[in-house]
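Taking it in order: structure first as structure tokens, then the write-up.
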Amino acid sequence: SVPTRKQAVALARAWAPPQMHPFESNPSCFVCESPFTIFRRACHCRNCGVCICGQCTVQWPAKMVPVTYNSKKASTINVCKSCNWLCSEFRSALLRGDHDKAVALHSTGNLNLTTPFANVK
């Protein structure tokens, strides 16, 4: 049970998996813009849903995202370099105590705050 409707909506949004962009309407990688081919296969970023190639993929432990994002129940997930950079910068801003930068990064709307330190050893 969640105390307020506003909190319930925020929680539902945080745990809703990203909308996966269709491969058919995305013929090239979102990050490097190289066209997909037989040798340059497309996959989805499990954090934001964009279509990316293997060169622009970073593997995260599955615990870095909510379980609802990991439909394949894999131990690692593919994310795009953009999401990886955003998460790393957010984590660094928190560790440095740079509140303004952390808030600015959070305001992009594409930051998964579930476990920003899950891949730190």
Side-chain angles (χ1 to χ4, degrees):
S1 171
V2 181
T4 67
R5 177 173 166 69
K6 184 178 178 180
Q7 289 174 328
V9 169
L11 186 62
R13 282 190 183 134
W15 282 78
Q19 183 76 29
M20 297 298 163
H21 296 219
F23 293 130
E24 298 77 34
S25 57
N26 293 278
S28 59
C29 176
F30 177 81
V31 177
C32 71
E33 299 181 351
S34 296
F36 295 125
T37 66
I38 284 213
F39 299 109
R40 184 183 308 270
R41 303 283 313 256
C43 67
H44 285 114
C45 172
R46 294 291 165 190
N47 193 56
C48 71
V50 299
C51 300
I52 50 176
C53 70
Q55 296 294 315
C56 297
T57 300
V58 177
Q59 288 212 327
W60 279 0
K63 63 185 175 182
M64 286 286 291
V65 296
V67 294
T68 53
Y69 285 36
N70 187 6
S71 58
K72 297 179 180 179
K73 308 290 185 240
S75 60
T76 60
I77 57 164
N78 292 327
V79 296
C80 66
K81 287 182 178 179
S82 299
C83 285
N84 189 60
W85 176 86
L86 190 60
C87 183
S88 295
E89 287 296 307
F90 179 72
R91 183 173 45 234
S92 295
L94 289 177
L95 290 171
R96 286 190 317 272
D98 189 345
H99 180 262
D100 292 338
K101 183 165 185 175
V103 169
L105 291 166
H106 178 262
S107 70
T108 64
N110 195 31
L111 188 60
N112 180 347
L113 296 176
T114 308
T115 52
F117 295 96
N119 66 346
V120 175
K121 294 182 182 188

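Computed from a prediction, not measured in an experiment: that's the story for all the values here. The first residue in the sequence is number 1, and the count goes up from there. Worth knowing before you read on, the calculation uses all heavy atoms, side chains too, and leaves out hydrogens, waters and symmetry mates.
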Requested in this report: Mind telling me whether H44 and F23 have parallel, tilted or perpendicular rings, with 30° and 60° as the class edges?
Outcome: parallel
Query raised in the report: How long is the span from the SG atom in C83 to the CE atom in M64, to the nearest 0.5 Å?
Result: 10.5 Å
Query raised in the report: Counting only heavy atoms not in Q59, do more than 12 sit closer than 6.0 Å to its CD atom?
Result: yes
Query raised in the report: Can you tell me how far the SG atom of C29 sits from the CZ atom of R40, to the nearest 0.5 Å?
Result: 7.5 Å
Query raised in the report: More than 12 heavy atoms of other residues, nucleotides or ligands under 6.0 Å from CD of E33: is that the case?
Result: no
Report task. Verify whether the ring centers belonging to F30 and H21 lie closer than 6.0 Å. Result -> no
Query raised in the report: How far apart are the closest heavy atoms of I77 and P61, and which atoms are they?
Result: CG1-O, 4.3 Å
Report task. Could you tell me which non-hydrogen atom of K81 sits nearest to which non-hydrogen atom of V58, and how far apart they are? Result -> CG-CG2, 4.0 Å
**Report entry** ILVMFWY network linking L86 to V31, side-chain heavy atoms under 4.5 angstrom
**Finding:** no
**Report entry** Results of side chain to side chain contact (heavy atoms under 4.5 Å, CB included) for K72 - residues two or more places apart only
**Finding:** R46, N70
Query raised in the report: Do any N or O atoms from the side chain of S92 and from the backbone of E89 form a donor-acceptor pair under 3.5 angstrom?
Result: no
Query raised in the report: Which one of P35, C32, C80 satisfies the side chain to side chain contact (heavy atoms under 4.5 Å, CB included) criterion with C53?
Result: C32
Query - Least distance between heavy atoms, C45 atom then V79 atom - result: SG-CA, 3.6 Å
Requested in this report: With the side chain counted from C-beta on, respond yes when Y69 and N47 share a heavy-atom pair under 4.5 Å apart, and no when they do not.
Outcome: yes
**Report entry** Side-chain touch T57/C43, heavy atoms, less than 4.5 angstrom
**Finding:** yes
Query raised in the report: Heavy-atom count around R5 CZ within 6.0 Å, excluding the residue itself: above 12?
Result: no
Query raised in the report: Distance from S34 atom OG to I52 atom CD1, nearest 0.5 Å?
Result: 12.5 Å
**Report entry** Any L105 side-chain heavy atom under 4.5 Å of W85 side chain
**Finding:** yes
Query raised in the report: Is any side-chain heavy atom of N78 closer than 4.5 Å to a side-chain heavy atom of W60?
Result: no
Report summary line: d(H106 NE2, F90 CZ) to nearest 0.5 Å is 6.5 Å
